[in-house]
Amino acid sequence: MATFTFATLSLSSSRVFIPGAPIRYHRSPNQLRLLPLKCSSSPSEPETAMPPADWSHKLIAGFAGIGFLETSYLTYLKLTDSDPFCPVGGGTCSDILDSDYALVFGVPLPLIGMAAYGLVAALGLQLASKKLRFGIDKSNAQVVLLGATTSMAAASAYFLYILTTKFSGSSCSYCLLSAFLSFTLLFVTLKDLGLQEVYKQLGLQLLVAGLVILTLNTSYSNSKSASSSLAEIELPYYATEITTPSSPFALSLARYLHSIGAKMYGAFWCSHCLEQKEMFGREAAKQLDYVECFPEGYRTGTKMIKSCIDAKLEGFPTWIINGQVLSGEQELSELARVSGYNEFVQPS
């Protein structure tokens, strides 16, 4: 609280200063002027600042919000059977997200993650605003938060193990982002609780982590993983049949792509590759420079032919046109644009 101090020095009289009474000024030669009003802050009352816990709770809410958006997007793709956009990993990313490991007892894993991130975000916001609901106090809310973040970090550790052992050489940017968020949330929660409280709740953490790993292991032991299923598959090579007729534009474009050395890489068992050929039609598809990456069929341990390995493919189909790589099915108009096709200039 600020204190206000008045000081007078009198040589001829002894006056008593009464708080609240008006102060009269006398220009007497034996009296000094009233000293200026002095305002100072009491050293015993520091300036108010936001407690560190509020920042940690807001940080938890922010990271959990990012995870909620990510898992909401993946849940939407799972429920609509859509292909994800994979900035890193290409086709291998889609294979991981569509594998048997993306389900826990038949429930989509992103849906479970969305619920977990939503719970953590809600608790973080309520702790930051000090407005807890459902009659729980701060200590109980922190225990729930600790249990939730511990379970998420344990699940992420388990999935990182699966990613490195079952999908060796594959990459999944969404999986790595979720793991980073989960570990960060646990770290911030532990830092907020303090070392002493963490020791008190160590038994709870070990119990929660053990239950999560046991649940996941039981779920996956009852269903075959995608990698195991692929290892047991043996597919002899077969030629795909194209039934659609070719339009004049598709036929002309196919001849032009052939003339400039454009190549399409694919696999006989790839449905997207067949759909790409169907866009060109029966006659035009024969004009394409198509590279079959598994000409001897697919079986355990089979690798792609050297030209496909050298091309560093991330999925099928893949186009390489004038040094530019296009992954996935492409519209004919897009292939024409990228290749510089001009319908008025035909190759001889």
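Between F294 and W269, the ring-plane angle classifies as tilted under the 30° and 60° cut-offs. Between F280 and W319, the ring-plane angle classifies as tilted under the 30° and 60° cut-offs.
Note: L125 CG to I60 CD1 = 10.5 Å, rounded to the nearest 0.5 Å. Separation of atoms CG (L145) and CG (L119) is listed at 8.0 Å; rounding is to 0.5 Å. The CG atom of L123 sits 6.0 Å away from atom CD1 of I136, with the distance rounded to the nearest 0.5 Å. The CG atom of N140 sits 4.0 Å away from the CG atom of D137 when rounded to the nearest 0.5 Å. Note that CD of Q205 is 4.5 Å distant from CG of L146, once rounded to the nearest 0.5 Å. Atom CG of L181 is separated from atom OG of S156 by 8.5 Å, given to the nearest 0.5 angstrom.
Remark: K263 is not positioned above the aromatic ring of Y290, lacking an NZ or CZ atom under 6.0 angstrom from the ring centre and at most 45 degrees off the axis.
Counting only residues at least two apart or in different chains, salt bridge (charged side-chain N to carboxylate O under 4.0 Å, His left out) contacts with residues 324-339 comprise E334-R337.
Residues R282 and T244 are not in side-chain contact: their nearest non-hydrogen atoms beyond the backbone lie 4.5 Å or more apart. At a threshold of 4.5 Å between non-hydrogen side-chain atoms, the residues L251 and Q287 count as touching. Using a 4.5 Å heavy-atom cutoff, the side chains of E241 and K277 are not in contact. The shortest side-chain heavy-atom distance between E278 and T243 falls under the 4.5 Å cut-off. Residues T75 and L79 are in side-chain contact: their nearest non-hydrogen atoms beyond the backbone lie under 4.5 Å apart. Within the 4.5 Å cutoff, the side chain of M264 has no heavy atoms near those of the T318 side chain. V120 has its side chain out of reach of F68: every pair of non-hydrogen atoms, C-beta onward, lies at least 4.5 Å apart. Counting heavy atoms from C-beta on, the side chains of C175 and I96 come closer than 4.5 Å.
Nearest approach of A121 to A61, heavy atoms of both residues: O-CB, 3.9 Å. Here the shortest heavy-atom pairing between G281 and I242 reads C-CG2, 3.8 Å. For the residue pair S339 and L253, the shortest heavy atom distance occurs at OG-CD1, 4.4 Å. For S246 against A284, the heavy-atom pair with the smallest separation is OG-N, 2.8 Å. Taking both residues in full, the closest heavy atoms of T149 and T189 are given as CG2-OG1, 3.6 Å, listed atom of the first, atom of the second, then distance. Contact detail for M152 and L185: the closest heavy-atom pair is CE-CD1, 3.9 Å.
Side chains of Y117 and S178: a donor-acceptor N/O pair is present below 3.5 angstrom, by distance only. Neither side chain, Y199 nor E197, offers a donor N or O lying under 3.5 Å from an acceptor on the other.
At a threshold of 4.5 Å between side-chain heavy atoms, the hydrophobic network of Ile, Leu, Val, Met, Phe, Trp and Tyr places M114 and F180 in one connected group. A continuous path of hydrophobic side-chain contacts links L160 to L177 [ILVMFWY only; heavy atoms under 4.5 Å].
Qualifying side-chain contact (heavy atoms from CB on, under 4.5 Å) partners for S307, counting only residues two or more places apart in sequence or in other chains: V291, I305. Listed by chain and number, the residues in a side-chain contact (heavy atoms from CB on, under 4.5 Å) with N217 are Y158 (sequence neighbours excluded).
Checked against a 6.0 Å centroid threshold, the rings of F159 and Y101 do not count as neighbours. Residues Y341 and F249 place their aromatic rings such that the two centres sit under 6.0 Å apart.
Heavy-atom neighbours of F187 CZ from other residues, nucleotides or ligands within 6.0 Å: at or below the threshold of 12. Other residues, nucleotides and ligands contribute over 12 non-hydrogen atoms within 6.0 Å of the OH atom of Y238.
Residue K78 is tested with L97, T71, L111, L103 for a side chain to side chain contact (heavy atoms under 4.5 Å, CB included); the sole match is L103.
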